[in-house]
Structure formats: structure tokens, C-alpha cells
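Heads up, the thing below is written out as C-alpha cells.
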Amino acid sequence: MSGSPDDIPFFDEEDAAPAPAPRAGGIAARAMAARAAPRQAYLDGLNPEQAQAVETTEGPVLVLAGAGTGKTRVLTTRIAHILATGKAYPSQILAVTFTNKAAREMKTRIGVFVGEAIEGMPWLGTFHSIGVKLLRRHAELVGLKSSFTILDTDDQIRLLKQLIQAEGLDDKRWPARQFAQMIDGWKNKGLTPKEIPEGDARAFANGKGRELYAAYQNRLLTLNAVDFGDLLLHPIRIFREYPDVLKEYHKRFRYILVDEYQDTNTAQYMWLRLLAQRQGQSVNVCCVGDDDQSIYGWRGAEVDNILRFEKDFPGATVIRLERNYRSTSHILGAASHLIAHNEGRLGKTLFTEQADPDEPKVQVHASWDSEEEARAIGEEIEALQSKKHALNDMAILVRASFQMREFEDRFVTLGLNYRVIGGPRFYERQEIRDAMAYFRVVAQPADDLAFERIVNVPKRGLGEAAVRQIHDVARMRQVPMLQAARDLVGTEEMKPKPRAALRTVVENFERWQDMLDRTSHTELAELILEESGYTDMWKNDRSAEAPGRLENLKELIRSMEEYESLRGFLEHVALVMDAERDEEMDAISIMTLHSAKGLEFDTVFLPGWEEGLFPHQRALDEGGRTGLEEERRLAYVGLTRAKKNLHLWFASNRRIHGLWQTTMPSRFLDELPEAHVEVCEDGSAYGGYGRPDGQIGRPNPYGRSRFDDQGSFSNTYATPGWQRAQKNRNSATDRNWGTRSGHQVERIGYGEADSGYGAGRGSVKGRTIEGELVAKSVSDTPSAFKVGDRVFHMKFGNGNIAAIDGNKLTIDFDKAGQKRVLDGFVSPV
DNA sequence: GGCCCATAAGTTTTT
DNA sequence: CTTATGGGCC
């Protein structure tokens with residue numbers, strides 16, 4: 001396709017009456033078809049099923065897309081096809097995804113087909129972002145103003161806490177956090193306070209659950225605010241109560257596409273049905289999903305939605321994508337065999353044509369404990385690295401996030417670059433939220449929750465008493481808190497000290513609000529943080545995190561530059577909680593299995609395949625067979641992330657809540673087909689398989705001979721394997737020290753400020769160091785530090801250098817104690 | 001109002 | 001064993 005945006009017409013203005021689709025055979029249609037015809041090249045690369053999914057544009061279509069079968073490609077090509085054949089204008093296509101990332105990717109990929117016309121798809125987005133759009137248009141129908149604010153979980157909990165206390169309840173016995181989750185659950189099911197089951201209502205706060213939920217909703221209305229659930233529920237209500245509004249959207253949306261349909265919850269399902277089910281009209285709705293990858297049941301997703309599709313949309317075409325383009329036949333064979341143990345599937349059989357006899361089988365490794373597991377995986381990674389495998393092509397996928405620590409610790413010691421995906425998000429960090437609260441009050445003076453958050457941050461002597469006073473005035477006069485505060489400083493009601501402090505706050509906000517339209521928003525933002533004393537607060541903070549927080553604030557300002565205004569930025573942040581990851585750095589990814597869905601890597605490590613951890617005990621206890629099946633799907637997701645190499649690990653001992661426990665290999669290991677799996681003993685060089693013979697309470701994965709035979713452990717693999725690994729390890733680390741210390745960055749979680757830029761290779765003379773393997777690297781990159789220097793480390797905070805050993809520093813950290821780290825990870829204070 | 005100690009709890013996560 | 005939170009004391 002050519003890159004000209006003129007290929008596709010975008011003259012359908014956002015708020016114009018929905019334009020009719022070009023009439024079949026009409027001049028416009030023919031013109032477009034003529035232009036499109038020679039470019040149907042986009043269909044060429046598709047297999048027959050994919051092509052069918054793209055070209056069956058009319059009527060309901062369910063695409064069951066197995067892992068790695070080109071799902072996103074089908075979705076994007078389908079949209080491109082609809083556009084190219086002139087069946088609809090971009091603004092007539094509703095395309096919903098779950099995550100911003102997925103939405104972004106679709107926009108980009110459609111952009112490739114269509115030219116740069118990404119702006120032309122106004123209704124491509126997440127359920128929530130589309131919900132905002134709908135709600136801004138029709139806010140008044142549910143008693144809101146279209147300037148409503150979107151609360152995040154933090155705000156929500158603080159609000160609920162107030163309400164619980166206002167009811168005279170003990171907020172310790174009835175934690176707001178827990179209640180927030182209950183409300184979330186109700187909203188996932190599309191339930192209003194009136195509709196929640198009696199039992200649920202009774203379960204909280206001595207039967208006041210329903211009352212509190214209703215009070216919460218009322219409070220939101222007075223605050224002109226919504227939570228995430230409301231972004232779906234309000235539109236549902238509008239569609240139900242105002243059929244003419246719904247009709248408008250029926251007319252507008254000629255084509256509806258839904259990604260990851262197996263993850264939809266009841267509310268999303270209701271929302272979708274309202275839009276997609278129309279009387280006596282063929283509905284062009286296309287849902288794409290994979291029932292085998294449904295892993296969000298615990299947060300309200302209903303696999304049933306996908307299983308029921310044909311009933312909901314009679315006459316639906318069901319297309320199965322089963323040709324896998326991602327993984328080797330061994331990996332696929334293992335995954336398919338495992339998932340076949342689930343009942344109640346729609347059933348797909350993945351196949352691949354990649355059948356290179358040399359491709360490695362899925363490897364299962366045993367280790368003595370989780371520490372050894374981390375060590376062995378680290379060695380394997382370094383071995384691969386020395387064979388020129390990029391760290392970016394590798395990932396460690398864990399069941400629970402506590403497993404990550406051991407790997408992080410290990411990689412820090414090894415000096416192995418890693419990135420943690422899915423940790424605390426950038427916009428969820430305290431300093432970012434505080435800063436955002438300031439911006440919110442400036443942009444939306446009625447945002448009481450934001451005001452309350454920062455009125456005493458930094459500390460200004462405006463404690464609980466002062467806040468209550470402001471609160472009372474605000475309630476009495478029915479004005480926002482900022483206004484109430486303004487009134488209060490004009491009276492004698494407050495003691496002089498808090499009064500003066502509050503006056504400064506009020507005057508500051510007035511000045512900033514005044515500047516809002518005259519100053520560039522980034523400048524203003526910086527000014528606010530300076531003048532409020534917020535940056536100073538962190539500058540004066542001597543804790544380990546403070547420098548990182550300041551860095552984050554800078555990053556926040558930087559990221560604002562991409563937006564036109566403060567308001568635009570605030571909307572973005574409310575909905576898009578993620579941050580781009582730094583693709584520049586070569587690093588291995590560590591993440592949970594859940595956050596790995598949709599990703600792929602050449603090499604995947606899956607540690608912790610033990611009963612109780614995976615499948616997780618709690619899933620079994622609370623979910624029964626359904627829970628087990630979801631765990632199995634999670635295992636399936638994990639296995640199918642790998643393209644070439646897949647390593648499963650289990651440890652015989654694992655520390656859980658501090659104490660060591662002996663574990664049994666996961667039942668999922670039993671469920672793998674022997675033909676595609678190879679059991680390796682390299683990892684258990686120490687201590688072998690720590691289970692006494694015959695102690696296992698159920699059939700052993702591969703027959704006892706393979707796992708329990710200590711002989712094979714120490715003879716076949718262990719010794720040479722260990723030695724080889726040792727060798728690789730040394731060469732790999734040496735090489736890395738040489739190349740890294742220039743720009744090495746340790747990132748923990750995304751959005752975390754980069755720290756420890758190279759320790760700077762000063763002209764420090766080669767120190768005499770008692771050191772063995774370090775000696776070599778010393779000449780390469782002498783450390784610029786000297787004993788006694790004060791340094792900062794991203795993970796451990798500030799400390800003093802106690803000893804230097806080439807590039808390895810021994811540091812006495814103020815908080816973390818003595819650690820050995822590479823100099824690239826620390827920066828001078 | 002701020003700091004320190006004690007206690008409790010401890011999958012998975014998006015918006 | 002950790003980490004987060006809350007209460008109590010200065």
C-alpha cells in the first residue's frame with residue numbers, strides 16, 4: 001500500500017451525522033475499489049483461514065485464534081480490508097481491546113496498511129477509553145457533567161474509607177480496600193446497588209454493603225467523578241434508558257470488532273450486546289479470542305461469553321485459526337497435550353510446519369531449591385548470551401511475583417541486565433500521584449480528592465483537624481474544598497498558623513490556575529512542583545528512594561511534552577497507566593505468566609513448576625476444578641510464549657513465607673507428552689533430586705527411573721554440564737563487564753528512573769587488588785570509585801564503599817547492609 | 001505531627 | 001522472611 005493518507009477518505013467528521021457507507025456500486029465505492037484492487041496484496045500472505053476471517057465481513061463472526069496463529073494480523077487486516085473496499089469509513093468501525101498496548105499496536109499496524117491515518121480510527125481503543133468517549137458525550141443523561149474526573153483505585157479507596165467512617169463503622173474491621181474490591185466485582189457483573197445479591201450486601205459491614213455502595217455512587221455523582229467500572233456501567237445505563245441514543249450508535253457502527261473476547265466480563269458483554277444486537281438487522285460483529293487462553297476468571301472474565309457466541313449471534317460463522325507460526329513442533333506438542341486435559345473447551349488443534357529434526361525438545365530441569373534454580377537459569381542465560389543470543393529474546397515467566405526476587409538478586413550479582421515487566425506502574429507511584437493531584441486541582445478546581453491528597457503534602461501543618469474543618473465548610477455550603485478553603489482563610493475560624501499555611505496554598509492555586517491558559521503546560525507543571533515545595537520535599541529526603549523519585553518527576557514533566565494541554569495529559573494518565581519500556585537496552589525480561597500473554601520470545605524459562613505454587617494452592621482451594629483448569633490454561637499460555645527453546649524448572653525445596661518447604665513437582669509436568677520433552681539433570685548438580693525414593697504420593701512424572709535415579713543426575717549431565725556452565729559464566733561475565741560499564745542501566749519495574757549511569761571511567765590507576773577472576777577486567781575498565789566514596793544504588797540506596805575489587809564494589813549500605821555490586825550499578829552521591 | 005515499633009498477612013491485574 | 005500498615009508515644 002502506498003503511504004498516502006489520501007488512500008482512504010477521512011472526511012467523516014467526529015460529530016457529524018454518521019455518514020452513509022458508500023453505496024455498493026456507487027461512484028465513491030467503485031473509485032475506492034479501483035484504488036484498492038491492485039493493493040489487495042495484503043491478503044496474499046494470509047493462509048486460507050486467516051483470509052476467510054478477513055473477508056467474511058458480513059454477519060457475526062467468531063475467530064478462534066490459537067496461540068501464535070496470527071490473531072492480531074487478522075484483526076488489523078480485517079479493518080484494513082473493510083476500509084480498502086469502502087465498506088465503511090474509519091469512524092464507522094468500533095474496535096475494542098483490553099489493554100492500551102493492544103490498542104496501540106493495532107493502530108500502528110493499521111497505520112502501516114492505510115498510511116499515516118491513525119487518527120482516522122476514532123473508535124479503536126480499550127473498553128474504558130471508548131467508555132469515556134461515550135460518557136463525555138452523554139454525561140448529563142446520568143447526572144454528570146462532561147468534565148467528570150476519573151478516579152483511580154487510590155482515590156476510590158480513600159473515598160470509601162471516608163464513607164465507612166461516616167457510617168460510624170470501624171474501618172479496620174471493614175477495610176476500604178476490601179470493599180473496593182467487592183464493588184469492583186459487582187461492577188464487573190454490571191450490578192447496581194439495587195441489583196446486588198442479598199448475600200453479598202449482607203457480607204459487608206453488618207449488612208450495610210448495599211447502603212454503602214449506594215452512598216458511594218451518590219458521592220461520586222456529587223464529586224462529578226466516575227471510577228473505572230462506571231466507564232462501562234454508565235454507558236450501559238444510557239443505552240438502556242435512551243433507546244434513541246443507542247440507535248444513533250447502531251447507525252454509526254457498521255462493523256464491530258472485539259479482541260481477546262474470552263476475557264470479557266459480564267458488564268463488557270452487556271455493553272457489547274447492546275451495541276451489537278439489533279432488531280432484524282444483520283450485525284457485523286467479529287470477536288476474536290481463544291478459550292484456552294482465558295486466565296482472568298478471577299477478575300470477572302466469563303469464558304462463557306465466548307463459548308456462547310453462536311447462541312448469542314445465530315448464524316455466526318466460526319473460523320478456527322490453528323496454524324501456528326510461532327513455536328517449534330516440540331513446544332506446540334507439549335502445549336497441546338497439556339491443554340487437552342481441560343474439559344469444556346471449544347477445541348482446537350494447533351499445528352505447525354516447522355519440523356526441523358534438530359530443534360530441541362522442551363527441557364525439564366530439577367533443582368534442589370529455588371536459589372539453585374535462579375543460579376542455574378542465570379548460567380543458562382549466560383551460556384546462551386555467549387552464543388550470541390540477545391537477552392531481549394529471552395524471558396523468565398513466573399507464577400507469582402515473589403518468585404522474581406530471587407532472579408533479580410542473582411542477576412544483580414552477575415551483572416546481567418534485566419527488566420521487570422508489570423511491577424508497580426509509573427503512574428501509580430506515590431510521587432507521580434502527588435504531582436498529578438496538584439495538576440488536577442489546577443485544571444479541575446472541584447477535584448476534592450486530589451485537593452485532599454496534597455493539601456498537606458509537603459507537610460504544612462494542615463493536619464486532620466484542618467482538613468476536617470475545610471471538609472465541613474465545603475459540605476455546608478455545597479462548594480468544592482478549594483473554595484471552602486478560600487472562604488476559611490478570610491475568617492477567624494482557624495488558628496493563625498494553619499490559617500496562614502492554608503492561605504499560601506489557596507493563593508498558590510489561584511496563581512497557577514490563572515497561568516493555566518497563558519503558560520505552556522510543562523513549564524507550569526515544573527513551576528507548580530517547585531513553588532509548592534514538592535520537589536524540595538524529596539530533595540531534603542535522605543531515604544534511598546528519594547533520588548529516584550525526583551528522577552521520576554522529571555520523567556513525568558518530559559512525558560507531558562507530548563500532549564497539547566494539561567487537561568489532555570490528565571485524561572491520558574487516567575486511562576493509560578502503562579509506560580513504554582526501554583527497548584534500547586538488551587535485557588532479559590522477568591514477568592508473571594499473566595503479563596506475558598500476547599508476547600513471544602525465542603527462549604522462555606518457566607521456573608517454579610511445583611504443586612501449590614503452580615497450580616497455585618489458592619486457585620485449587622477456591623476454584624476447585626475450574627480453578628485448576630484456569631491454572632492449566634495459564635501453563636498453556638506460558639508454554640506457547642516460546643518460539644524455540646523452552647525450559648521448565650521445579651525445585652524440591654522452596655521458601656514460602658520464610659520457611660523452607662519440601663515441594664512436589666507440578667502435576668502439569670505429568671501432563672506433558674514424553675515425546676516432546678527431555679528431562680535434564682544439569683541444574684541439580686548439587687544434591688540432586690531431594691526426594692527419598694518412593695515417598696511421592698502419586699505417580700511420578702516420567703517414571704521413577706528418570707527423576708529418582710541419582711546416578712544419571714551426577715554422571716550424565718552434572719559434572720560436565722556444570723563445568724561447561726562455569727566456563728561460559730566466566731567468559732560471559734568478563735565480556736559484559738567490559739562492554740557494560742559505559743551505559744549500563746538497571747531498571748526495576750518500568751518507569752523507574754534509570755540510575756547508575758556508568759561509574760565514569762576516570763583515569764584511576766589500576767589499583768592493586770587481591771582478586772582472582774576480576775584481574776582481567778580491571779585493565780579494561782578500572783573503577784572510578786575509591787574506598788570510602790559515598791554512592792547511590794537503585795535497589796539498595798545509599799552507602800559507603802568498603803572495598804573495591806576491579807569492577808566489583810563491596811558497599812556498606814545504610815539500609816541494606818553489605819552487598820557486592822558492579823560499579824555500573826551505582827552512581828556517586 | 002512525626003517517628004518507631006509491633007503486628008499481620010502474604011496469587012494472578014487492567015482500566 | 002518480607003513488607004505494609006496502624007497504633008502509640010514523644
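Both backbone and side-chain heavy atoms feed into the values below; hydrogens, waters and symmetry mates do not. Throughout, a chain's letter reflects where its sequence line sits, starting with A, and its residues are numbered from 1.
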Tell me the interatomic distance from [X], atom [atom1], to [N], atom [atom2], rounded to whole angstroms.
X	N	atom1	atom2	result
Arg655(A)	dG10(B)	CZ	C1'	14 Å
Met404(A)	dG10(B)	CE	P	19 Å
Leu599(A)	dT13(B)	CG	P	13 Å
Arg177(A)	dT13(B)	CZ	P	15 Å
Gln178(A)	dA8(B)	CD	P	17 Å
His616(A)	dG10(B)	NE2	P	11 Å
Met436(A)	dT15(B)	CE	P	16 Å
Asp184(A)	dT12(B)	CG	P	16 Å

Flag the pair [X] and [Y] as a salt bridge only when some basic side-chain nitrogen lies within less than 4.0 angstrom of an acidic carboxylate oxygen.
X	Y	result
Glu408(A)	Arg405(A)	no
Asp621(A)	Arg618(A)	no
Glu452(A)	Arg158(A)	no
Arg136(A)	Glu571(A)	yes
Lys71(A)	Asp290(A)	no

Distance, P atom - from dT5(C) to dT12(B), rounded to whole angstrom = 15 Å

Whole-angstrom distance between dA4(C) and dT11(B), as gauged at atom P = 13 Å

Side chain of [X], heavy atoms from C-beta onward: which of [options] has the nearest atom to it?
X	options	answer
Arg299(A)	dT13(B), dT15(B), dT11(B)	dT13(B)
Glu631(A)	dT12(B), dT15(B), dT11(B)	dT11(B)
His128(A)	dT15(B), dG10(B), dT13(B)	dT15(B)
Thr153(A)	dT15(B), dG10(B), dT13(B)	dT15(B)
Ala619(A)	dT15(B), dT11(B), dG2(B)	dT11(B)
His594(A)	dT15(B), dT11(B), dT13(B)	dT13(B)
Ser595(A)	dT15(B), dG2(B), dT13(B)	dT13(B)

For residues His138(A) and Tyr249(A), establish whether the separation of their ring centroids is below 6.0 Å.
-> yes

Assign [X] to base, sugar-phosphate, or nothing according to its heavy-atom contacts below 4.0 angstrom with the strands shown.
X	result
Leu462(A)	sugar-phosphate
Gly461(A)	sugar-phosphate
Arg399(A)	base

Return no unless some side-chain N or O of Thr592(A) is found under 4.0 Å from OP1 or OP2 of dT13(B).
-> yes

Which sits closer to the 5' end of DNA chain B, Thr99(A) or His657(A), going by the nucleotide each is nearest to?
-> His657(A)

Whichever of Glu630(A) and Gly463(A) has its nearest DNA chain B nucleotide further upstream toward 5' | Gly463(A)

Outermost contacting nts on DNA chain C, any atom under 4.0 Å from chain A heavy atoms, listed 5' then 3', are dC1(C) to dG7(C)

For Arg503(A), check salt bridge (Lys or Arg N to Asp or Glu O under 4.0 Å) against everything at least two apart and list the hits.
-> none

Residues at least two apart in sequence or cross-chain that pass side chain to side chain contact (heavy atoms under 4.5 Å, CB included) with Thr535(A), listed by chain then number, are Leu529(A), Glu530(A), Leu550(A), Leu553(A)

Separation between CE (Met106(A)) and CG (Leu75(A)), nearest 0.5 Å, reads 5.0 Å

Does Trp298(A) lie flat on the base of dT12(B), that is, centres under 5.5 Å apart and planes under 30° off?
-> yes

